Structures are given as C-alpha cells and as structure tokens.
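Some notes on the structure that comes next.
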Amino acid sequence: MDIKGTRQEIAVNYDTSIGAWFGRSLPISHEEMQSRVFRFGELPSSDTAFIDAAIPGHNRTLLGALGRGTAEEDLKHQVEKAENYHIDYIRADPGNGAALHSHDTEETFICITGKWRVTWGTDGEESVELNYLDGICCPPGVMRSFENLSDQPALLMAIIGGREPGNVVWSQSIQQRIASGQR
C-alpha cells in the first residue's frame with residue numbers, strides 16, 4: 001500500500017495487523033501555528049466586499065477569517081495561509097443576505113445564529129431553511145443566495161473550497177438590477 005500523494009507526515013507505515021497507517025507529525029513551530037490562528041473579535045470586515053451589497057436586501061458585513069477569498073472579494077483575511085478552503089463569517093440584519101451567485105468550487109453555509117434561508121437555481125426557485133448549526137454544501141456552478149430570516153442580526157459561516165476560489169458569477173437578474181440603477 002502507498003499513502004504518499006500530498007501527505008507530509010514523516011515515517012508513515014501501514015500496520016497490517018491493526019489495519020491502519022501510523023507516522024510522525026510534520027514539524028511546525030509554535031510561532032508558525034500561531035500565525036494560523038484567527039480570532040473572531042479581531043477579524044477584518046467589510047460592508048461592501050461584493051458588488052451586490054449596493055442592492056437593497058443584500059446589505060451585510062463580511063468578516064474575513066481564513067484564506068484569500070474570491071477574486072472580487074474586497075477584504076484581506078486575518079489568516080491567509082489556507083491551502084484548500086477559505087472561511088468567512090457573514091453578519092446581516094433581518095431580510096438581508098447575498099444575491100444569487102455561483103463559484104467554480106463548493107461553498108458550504110453553516111448557521112451560527114438566527115435562522116437563514118439558502119436558495120438555489122437560476123431564479124432561486126428552490127430553498128431550504130437553516131437553524132442553529134445546520135448547514136448546506138452548494139456544488140460548483142449552482143447559483144445560490146442566502147437571507148437572514150431572523151428578527152435580529154444573525155451570523156452565517158461560509159466555507160469555500162479549492163486553492164483559488166476564482167471569480168464570482170452573478171445571476172443575470174442582478175445584472176439587470178445594477179444596470180437599471182437599482183443600487
């Protein structure tokens with residue numbers, strides 16, 4: 001058996017009598033691990049990280065925790081050393097959230113506080129409601145949006161997969177609203 005690939009542990013061996021892999025950790029200093037810690041109370045934030053934030057009903061604050069985010073995301077994250085995924089928190093008032101958009105990678109939403117609706121499809125024709133710690137993983141290329149259904153500000157976690165999240169593709173309905181001056 002071979003486990004190589006992108007694994008970086010040291011002296012990895014398969015114990016056939018137990019049926020599992022064993023090895024030693026890749027060395028890493030305390031300082032290096034500390035540079036990978038993000039603190040919620042210290043996260044950089046932006047109310048205008050994406051173009052749809054100018055459209056009524058899509059006002060929100062993006063808090064950059066981990067990774068580089070998408071190409072359009074106007075926010076530097078607290079820890080940029082993520083290699084295969086990126087984490088943001090979204091704080092929104094009732095009735096607000098993101099407009100329909102897609103990524104070329106998976107995006108997972110997890111309800112941290114309040115109640116959220118995640119919609120999907122070209123016109124947002126499908127939806128699911130998320131309560132405390134519920135989540136949904138949206139596949140690449142699927143238009144998705146989210147909205148705070150609570151009667152007070154709420155927090156949602158967004159995890160975007162992939163080394164480079166690439167560009168956001170917005171629904172054509174957003175293009176029409178921006179072009180018609182409905183900012």
Side-chain angles (χ1 to χ4, degrees), residues 1-15 20-54 58-93 96-99 101-114 116 118 130 132-142 144-146 148 153-170:
M1 280 190 203
D2 187 19
I3 194 172
K4 296 288 184 206
T6 60
R7 304 301 300 247
Q8 297 185 24
E9 297 87 354
I10 298 169
V12 174
N13 292 301
Y14 186 80
D15 185 322
W21 293 95
F22 296 90
R24 297 192 330 256
S25 177
L26 177 71
I28 189 166
S29 71
H30 182 78
E31 291 76 22
E32 174 63 20
M33 285 301 282
Q34 286 296 321
S35 75
R36 294 170 174 265
V37 173
F38 56 91
R39 307 273 183 208
F40 185 81
E42 300 171 11
L43 296 178
S45 65
S46 174
D47 295 336
T48 58
F50 291 105
I51 193 171
D52 69 324
H58 301 297
N59 306 109
R60 63 196 181 279
T61 301
L62 189 71
L63 300 129
L66 181 68
R68 290 180 302 271
T70 65
E72 294 86 0
E73 193 173 309
D74 185 21
L75 179 65
K76 181 174 171 55
H77 288 66
Q78 192 173 66
V79 175
E80 293 186 342
K81 295 185 178 187
E83 297 171 11
N84 294 300
Y85 60 94
H86 312 273
I87 297 175
D88 290 321
Y89 294 94
I90 299 104
R91 183 182 301 123
D93 287 334
N96 281 274
H101 67 284
S102 67
H103 299 284
D104 61 355
T105 62
E106 292 178 323
E107 184 172 29
T108 298
F109 299 110
I110 301 171
C111 173
I112 303 298
T113 64
W116 294 82
V118 175
L130 303 178
Y132 177 65
L133 297 182
D134 291 344
I136 185 172
C137 181
C138 300
V142 172
R144 77 288 303 254
S145 66
F146 52 83
N148 176 5
L155 194 63
L156 184 72
M157 179 190 287
I159 303 168
I160 299 176
R163 288 187 177 274
E164 297 291 332
N167 295 95
V168 176
V169 174
W170 298 97

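All values derive from a computational prediction rather than experimental measurement.
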Check your understanding: Given E32, which of Q34, H30, R36 fulfils the side chain to side chain donor-acceptor pair (under 3.5 Å) condition?
Key -> R36

Review point. Taking atom CD1 of I159 and atom OH of Y85, what is their separation to the nearest 0.5 Å?
Key: 8.0 Å

Review point. Can you name the one residue among I112, I90, T108 that meets side-chain contact (heavy atoms from CB on, under 4.5 Å) with M157?
Key: I112

Exercise for review: Can you measure from CG (L63) to CD1 (I87) and round to the nearest 0.5 angstrom?
Suggested key: 12.5 Å

Exercise for review: Measure from the side-chain N and O atoms of D88 to the backbone N and O of L62, and report whether any donor-acceptor pair falls under 3.5 Å.
Suggested key: no

Review point. So R7 and V12, side chain to side chain contact (heavy atoms under 4.5 Å, CB included) or not? Walk me through it.
Key: CA-CA 9 Å; R7 304 301 300 247; V12 174; over 6 Å; no

Practice item. Apply salt bridge (charged side-chain N to carboxylate O under 4.0 Å, His left out) to E31 and list each qualifying residue two or more places apart in sequence or on a separate chain. Key: none

Point to revise | Neighbour count above 12 (heavy atom, 6.0 Å) for K76 NZ | key: no

Practice item. Kindly indicate whether the side chain of W116, heavy atoms from C-beta on, has any atom under 4.5 Å from the side chain of F109. Key: no

Review point. With side chains defined as the heavy atoms from C-beta onward, is the minimum distance between I160 and E106 less than 4.5 Å?
Key: no

Review point. Are N13 and F22 close enough, and set up right, to give a side chain to side chain contact (heavy atoms under 4.5 Å, CB included), and what steps lead you there?
Key: CA-CA 5 Å; N13 292 301; F22 296 90; 5.8 Å; no

**Study point:** G141 versus S102, closest heavy-atom pair with distance
**Key:** C-CB, 3.9 Å

Practice item. With the side chain counted from C-beta on, respond yes when E107 and C137 share a heavy-atom pair under 4.5 Å apart, and no when they do not. Key: no

Revision key, fill the gap. Smallest heavy-atom separation, S145 atom then A98 atom, equals CB-O, 3.1 Å

Exercise for review: Verify, without hydrogens or angle tests, whether H86 (side chain) and G162 (backbone) share a donor-acceptor contact under 3.5 angstrom.
Suggested key: yes

Exercise for review: Look up atom NE2 in H103 and atom SG in C138, then write down how far apart they are to the nearest 0.5 Å.
Suggested key: 9.0 Å

Point to revise | Smallest separation among heavy atoms of A154 and G114, with atom names | key: CB-CA, 3.9 Å

Check your understanding: Say you draw a straight line from CG of L43 to OG1 of T61; how long is it, rounded to the nearest 0.5 Å?
Key -> 12.0 Å

Point to revise | Test item: R144 side-chain N/O and V142 main-chain N/O as donor-acceptor pair under 3.5 Å | key: yes

**Study point:** Parallel, tilted or perpendicular: ring planes of W170 versus H101, cut at 30 and 60 degrees
**Key:** tilted

Review point. Taking atom CD1 of I10 and atom CG of L26, what is their separation to the nearest 0.5 Å?
Key: 6.0 Å

Exercise for review: Determine yes or no for a side-chain-to-main-chain donor-acceptor pair under 3.5 angstrom, with Q78 supplying the side chain and R39 the backbone.
Suggested key: yes

Practice item. Please name the residue in the list D47, D52, D93 that meets the salt bridge (Lys or Arg N to Asp or Glu O under 4.0 Å) test with R60. Key: D52

**Study point:** Pair L155-R91, side chain to side chain contact (heavy atoms under 4.5 Å, CB included): steps then yes or no
**Key:** CA-CA 5 Å; L155 194 63; R91 183 182 301 123; 4.1 Å; yes

Review point. Checking side chain to side chain contact (heavy atoms under 4.5 Å, CB included) for the pair L130/F146: CA distance, chi angles, key distance, verdict?
Key: CA-CA 10 Å; L130 303 178; F146 52 83; over 6 Å; no

Point to revise | Value rounded to 0.5 Å, distance of CG in N148 from SG in C111 | key: 8.5 Å

